[in-house]
Enquirer: 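Sharing a structure below in structure tokens format, with a few things to ask.
Since this is a predicted model, take the numbers as computed values, not measurements.
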Amino acid sequence: MQDFIKNLPKLAKDKHNDNKKFFAKLKKKQPKNLDYVMQELHEQEFKRTDCLQCANCCKTTGPLFTDKDIERISKHFKLKPQQFISQYLRIDEDNDYVLQSVPCTFLGVDNYCSIYQVRPKACSEFPHTGRKKFQQISNLTLKNVAICPAAFNIVEEMKRRIK
């Protein structure tokens, strides 16, 4: 698994143009059953993939924190939202709240998340391959295949299934 994770950025780069063309074609002519296929591929992949063996998303990127996330997590820490923000977050170039640094502050050496029960929505939905109207986030998916082995595998299988 670690070798695959190490090689993932290069693999994703090699497939980038092919993936981009595939997603462009999907946007033009979306199959009627795309959401169903994506849900099936997502479920199949995550029966095989153990995120605790990887945690590459937590090690290399940070989620966006919504106001609801900040409220929920600060309550968990018994902090005022502004205290939580100043201690853990910063505002990025898109004016979104993100972690001050990566790897994620809340990731343990065992790859467990110390705030898993109250984690940000972006974390609970990552890599976003199981959501409806998947074609609307194809640009995000193009980025995620370089981070997440499961997303990479899902897109490769998707290209095989949807001609």
Side-chain angles (χ1 to χ4, degrees), residues 1-9 11-13 16 19 23 34-158:
M1 172 70 113
Q2 292 309 314
D3 285 342
F4 187 50
I5 295 166
K6 194 172 116 185
N7 293 322
L8 196 55
L11 287 169
K13 187 178 179 187
H16 182 78
N19 289 347
F23 285 128
L34 181 61
D35 285 344
Y36 173 78
V37 170
M38 287 309 300
Q39 190 64 46
E40 183 184 331
L41 293 175
H42 178 85
E43 288 173 12
Q44 285 174 355
E45 183 60 35
F46 281 98
K47 284 179 184 169
R48 293 189 295 266
T49 300
D50 179 3
C51 293
L52 292 173
Q53 297 298 312
C54 177
N56 200 41
C57 53
C58 306
K59 293 172 183 174
T60 62
T61 64
L64 298 180
F65 285 74
T66 65
D67 290 340
K68 283 183 179 179
D69 293 332
I70 292 167
E71 192 71 36
R72 185 177 60 257
I73 299 167
S74 59
K75 191 180 284 186
H76 170 78
F77 284 120
K78 296 178 175 57
L79 295 171
K80 287 185 169 36
Q82 198 50 52
Q83 290 173 299
F84 175 75
I85 290 168
S86 61
Q87 192 169 344
Y88 296 102
L89 306 179
R90 66 177 176 83
I91 295 177
D92 72 1
E93 59 281 350
D94 296 325
N95 221 20
D96 292 315
Y97 282 112
V98 296
L99 290 169
Q100 290 177 2
S101 62
V102 290
C104 179
T105 311
F106 308 111
L107 180 68
V109 293
D110 56 1
N111 286 345
Y112 277 87
C113 173
S114 65
I115 61 166
Y116 188 81
Q117 297 304 319
V118 294
R119 70 195 184 279
K121 183 180 179 194
C123 296
S124 65
E125 292 180 352
F126 191 84
H128 312 286
T129 49
R131 67 182 264 181
K132 292 191 185 319
K133 298 184 181 175
F134 171 80
Q135 77 283 2
Q136 292 177 347
I137 59 158
S138 59
N139 287 342
L140 180 61
T141 303
L142 281 170
K143 291 177 184 171
N144 290 345
V145 296
I147 299 164
C148 177
F152 182 90
N153 291 338
I154 289 167
V155 169
E156 289 305 302
E157 183 58 29
M158 189 177 150

Enquirer: In Å, rounded to the nearest 0.5 Å, how long is the span from CE of Met158 to OG1 of Thr129?
Expert: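 Rounded to the nearest 0.5 Å, the CE-OG1 separation comes to 10.0 Å.
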Enquirer: Heavy atoms only: give me the nearest Asn111-Leu52 pair and the separation to one decimal.
Expert: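 Residues Asn111 and Leu52, closest heavy atoms: ND2-O, 2.8 Å.
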Enquirer: Supply the atom-to-atom distance Phe65 CZ to Ile91 CD1, rounded to the nearest 0.5 angstrom.
Expert: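 Atom-to-atom, Phe65:CZ and Ile91:CD1 are 13.5 Å apart.
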Enquirer: Could you tell me whether a side-chain N or O of Lys59 sits under 3.5 Å from a main-chain N or O of Cys54, the two making a donor and an acceptor?
Expert: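 Judged by distance alone, yes, a pair lies under 3.5 Å.
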Enquirer: Please name the pair of heavy atoms, one in Val145 and one in Ala151, separated by the smallest distance, quoted to 0.1 Å.
Expert: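 Taking Val145 first and Ala151 second, the nearest heavy atoms are CG1-O, 3.7 Å.
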Enquirer: Please find the pair of heavy atoms, one from Leu99 and one from Gly62, that lie closest to each other, and give the distance.
Expert: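 Shortest heavy-atom contact: CD1-CA, 4.2 Å.
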Enquirer: What distance separates Ile85 CD1 from Ser74 OG, expressed to the nearest 0.5 Å?
Expert: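 Ile85 CD1 to Ser74 OG: 8.0 Å, rounded to 0.5 Å.
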Enquirer: For the pair Asp69 (side chain) and Thr66 (backbone), establish whether a donor and an acceptor sit closer than 3.5 Å, ignoring hydrogens and angles.
Expert: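 Such a contact is found between Asp69 side chain and Thr66 backbone.
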Enquirer: Is the closest side-chain heavy-atom distance between Cys123 and Pro63 below 4.5 Å?
Expert: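 In short, these two side chains touch, coming nearer than 4.5 Å.
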Enquirer: Considering non-hydrogen atoms only, spot the tightest contact between Thr60 and Val102 and give its length.
Expert: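 Taking Thr60 first and Val102 second, the nearest heavy atoms are O-CG2, 4.1 Å.
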Enquirer: Take the angle between the ring planes of Phe46 and His42 and call it parallel below 30°, perpendicular above 60°, tilted in between.
Expert: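 Answer is tilted, since the angle falls between 30° and 60°.
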Enquirer: Of all the heavy-atom pairs spanning Val98 and Asp92, show the shortest one and how long it is.
Expert: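 That would be CG1-OD2, 3.6 Å.
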Enquirer: NZ/Lys132 to CE/Met38 distance, rounded to the nearest 0.5 angstrom?
Expert: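 Rounded to the nearest 0.5 Å, the NZ-CE separation comes out at 12.0 Å.
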Enquirer: Calculate, to the nearest 0.5 Å, the distance between atoms CG and CG belonging to Asp94 and Leu64 respectively.
Expert: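 It comes to 8.0 Å.
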Enquirer: Tell me whether the count of non-hydrogen atoms from other residues, nucleotides or ligands lying under 6.0 Å of CZ in Phe77 goes above 12.
Expert: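 Result for CZ/Phe77: enclosed.
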Enquirer: Is the closest side-chain donor-acceptor distance between Asn144 and Thr141 under 3.5 Å?
Expert: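 Judged by distance alone, the side chains do not pair up.
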Enquirer: Using the ring of each side chain (for Trp, its six-membered ring), is Tyr88 parallel, tilted or perpendicular to Phe106, with breaks at 30° and 60°?
Expert: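 Tilted.
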Enquirer: If a pair satisfies salt bridge (Lys or Arg N to Asp or Glu O under 4.0 Å) and one of its residues is in residues 107-129, list it, with sequence neighbours excluded.
Expert: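 Residue pairs passing salt bridge (Lys or Arg N to Asp or Glu O under 4.0 Å), neighbours aside: Lys121-Glu125.
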Enquirer: Please report the shortest heavy-atom distance between Arg90 and Gln100, naming the atom on each side.
Expert: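 Smallest heavy-atom distance, with atoms named: NE-O, 3.8 Å.
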Enquirer: Please check: side-chain N/O of Asn56 versus main-chain N/O of Ile147, any donor-acceptor pairing under 3.5 Å?
Expert: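 Confirmed, Asn56 side chain pairs with Ile147 backbone.
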Enquirer: To the nearest 0.5 Å, what is the distance between CD on Glu156 and CD on Glu45?
Expert: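 Glu156 CD to Glu45 CD: 11.0 Å, rounded to 0.5 Å.
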Enquirer: Looking at Lys6 and Asp3, is any side-chain nitrogen of the basic one under 4.0 Å from a carboxylate oxygen of the acidic one?
Expert: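 Salt bridge: no.
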Enquirer: Within a 6.0 Å radius of atom CZ on Phe4, are there more than 12 heavy atoms belonging to other residues, nucleotides or ligands?
Expert: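 Result for CZ/Phe4: enclosed.
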